[in-house]
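Lettering of chains follows the sequences in order, A, B, ..., and the numbering in each one begins at 1.
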2 protein chains.
Amino acid sequence: MTAAPSPRPTESELEILQILWDKGNCTVREVHEILEKSKDAGYTTTLKLMQIMHEKGLVARDTSSKTHIYRALVNQEKTQQHLVNKMIDNVFNGSAARMVMQALGNHKASKDEIDSIKKYLDELSNQ
Amino acid sequence: MTAAPSPRPTESELEILQILWDKGNCTVREVHEILEKSKDAGYTTTLKLMQIMHEKGLVARDTSSKTHIYRALVNQEKTQQHLVNKMIDNVFNGSAARMVMQALGNHKASKDEIDSIKKYLDELSNQ
DNA sequence: ATTTGATTACGAAACAATTCGTAGAAGGAA
DNA sequence: TTCCTTCTACGAATTGTTTCGTAATCAAAT
């Protein structure tokens, strides 16, 4: 039994994972074209990153044809969980509540979102 | 007019900022002794980090006596805000609500905390 | 005055993340 | 086949972060 890959992607790796989580299977070029919209980097940079991610076990790839196809190997929710917990410890001294309030207090969340969070909290309380 | 220091502390710098935010004024030794409890690094490492933070404008220091006294220059809430927003974008595709639910869904928050969040959300909605 | 202990300053090593140039392989078009 | 484009592989440069050894300075104690 091999250990599960520990979800510690770097920032650049995270950008790529976002795309893979969203799209499923992707070629390097597909990922790169999306990345280019928000970022300014060369194609071989994206390629190299994805190759490193493969070495680390963050992604799998199908090399049966010339153009390789990549997909995420790490779980989106687990990765998010891990990063959020780290931030709660690192930045908010372990207080999830303080982080939540900070996150919501800055008009990032719409009224609809706030309502859905309230509903969610009610369900949490009733358990 | 000089630009405000942009709040982009590294992880190690954040550990030190936490202490400074909590304690106010500190010597390197004080910071180091607290750091040692959770981390394993030499005194000169802590010193060097704090010197770099000074160069970056993250902290101020009083050098009038031999033992320098440091204090945080960046604002705690602004820094938290900045990091949380970055995480929302980077990790949760811009959805604050998804991050909040992820943060609360994993037993990090106690019942009391959840209640206080609900109260907070009610205030937000009533504006 | 000398020693001792604590402090800062400095530089360099070790490591990690990011970027990209270049070369070579593969495949399709002419 | 030859040419052109696209792709992967590889290695190296660059930059940023973390770590710590060593030397110099200072002050207090002897």
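The residue from B:Thr44, B:Ile52, B:Thr45 that alone fulfils the side chain to side chain contact (heavy atoms under 4.5 Å, CB included) condition with B:Lys48 is B:Ile52.
Salt-bridge formation is not detected for the pair A:Arg71/A:Asp62: no Lys NZ or Arg NE/NH1/NH2 atom is positioned less than 4.0 Å from an Asp or Glu carboxylate oxygen. We find that A:Arg98 and B:Glu113 are not joined by a salt bridge, their nearest charged nitrogen and carboxylate oxygen being 4.0 Å or further apart. Using a 4.0 Å cut-off between charged nitrogen and carboxylate oxygen, A:Lys56 and A:Glu13 count as a salt-bridge pair. Using a 4.0 Å cut-off between a side-chain N of Lys or Arg and a carboxylate O of Asp or Glu, A:Lys39 and A:Glu15 qualify as a salt bridge.
Remark: B:Gln51 is not in phosphate contact with C:dT8, judged by side-chain N or O atoms under 4.0 Å from OP1 or OP2. Residue B:Arg29 places at least one side-chain N or O closer than 4.0 Å to OP1 or OP2 of C:dT7.
The neighbour count for B:Glu77 CD, taken as heavy atoms of other residues, nucleotides or ligands under 6.0 Å away, does not exceed 12.
The side chain of A:Tyr43 lies closest to D:dT8 when the candidates are D:dT8, C:dC10, C:dA25.
Atom CE in B:Met53 sits roughly 12 Å away from atom P in D:dT17 (whole-Å rounding). Here D:dT19 presents its C1' atom at 16 Å from CE of B:Met50, a figure rounded to the nearest Å. Summarising the geometry, the separation between CD on B:Glu30 and P on C:dT8 is reported as 11 Å, rounded to the nearest angstrom. When the P atom of D:dT8 is taken as reference, atom CD of A:Glu55 falls 15 Å away, rounded to whole Å. The NE2-C1' distance, from B:His32 to C:dT7, rounds to 13 Å in whole Å. Rounding to whole angstrom units, OH of residue B:Tyr70 and C1' of C:dT8 are separated by 8 Å. Distance B:Leu47 CG to C:dA6 C1': 12 Å, rounded to the nearest Å.
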Practice task
Please lay out, stage by stage, how A:Tyr70 and A:Val28 fare under the test side-chain contact (heavy atoms from CB on, under 4.5 Å).
Solution key: CA-CA 7 Å; A:Tyr70 288 76; A:Val28 174; 3.6 Å; yes
Handout entry: Per-nucleotide protein contact string for nucleotides 11-24 of chain C (B base, S sugar-phosphate only, - none; heavy atom under 4.0 Å)
Key = B-----SBBBBB--
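Taking the nucleotide of DNA chain D with the nearest heavy atom to each of A:Arg61 and A:Lys66, the more 5' of the two is matched to A:Lys66.
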